[in-house]
Amino acid sequence: MNFSRFIKGISAAAATIICGYFGTQYLGRNIMYTIGGAIAGTGITAFMVHRITGQNEIDQVMLRRPRPLTRPIRGAMRFC
């Protein structure tokens, strides 16, 4: 694993914990639960929308291209 990526991940986790701590201190516990749930819901929605639109693109590509032949062409191995 790339060391720089590891450091960025640790830094992001620490920043998230710090923001959560100060948010809880100033806004209250229930509001922070609401904000966290909204962020998680937004992430799940974005993931599912991306997955659905990606599947539609794959379906469109599959409809446009014919499947290649899977059987060998006769006489192709004759000159080997």
Side-chain angles (χ1 to χ4, degrees):
M1 182 160 85
N2 192 354
F3 187 69
S4 175
R5 187 174 180 186
F6 179 73
I7 295 297
K8 288 178 184 177
I10 295 295
S11 299
T16 303
I17 292 170
I18 290 169
C19 288
Y21 174 76
F22 285 118
T24 303
Q25 294 298 317
Y26 290 112
L27 298 175
R29 181 177 63 182
N30 292 331
I31 293 176
M32 288 305 292
Y33 285 146
T34 305
I35 292 171
I39 290 172
T42 303
I44 291 169
T45 303
F47 173 76
M48 293 306 292
V49 166
H50 179 70
R51 185 178 226 185
I52 290 170
T53 57
Q55 184 63 40
N56 288 341
E57 291 172 4
I58 290 172
D59 290 343
Q60 291 298 321
V61 170
M62 296 284 284
L63 289 174
R64 291 181 191 157
R65 295 184 183 170
R67 295 184 68 191
L69 293 175
T70 56
R71 58 186 172 151
I73 300 172
R74 290 185 186 176
M77 299 297 290
R78 185 176 11 176
F79 298 108
C80 292

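All values below were derived from every heavy atom in this structure, side-chain atoms included, with hydrogens, water molecules and symmetry-related copies excluded.
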Note to self: Hydrophobic clustering (ILVMFWY, side-chain heavy atoms < 4.5 Å, transitive) - are V49 and I52 grouped together?
What the structure shows: no
Next item on the list: Identify the two heavy atoms, one from A12 and one from T16, that lie closest to each other, and give their separation to 0.1 Å.
Entry: O-OG1, 2.8 Å
Margin query: What's the separation between atom OH in Y33 and atom OG1 in T24, rounded to the nearest 0.5 Å?
Written below: 8.0 Å
Notebook entry, point to check: How many angstroms lie between CD1 in I39 and OG1 in T34, if you round to the nearest 0.5 Å?
Noted result: 11.0 Å
Notebook entry, point to check: Should F22 and I17 be counted in the same cluster of Ile, Leu, Val, Met, Phe, Trp and Tyr side chains packed under 4.5 Å apart?
Noted result: no
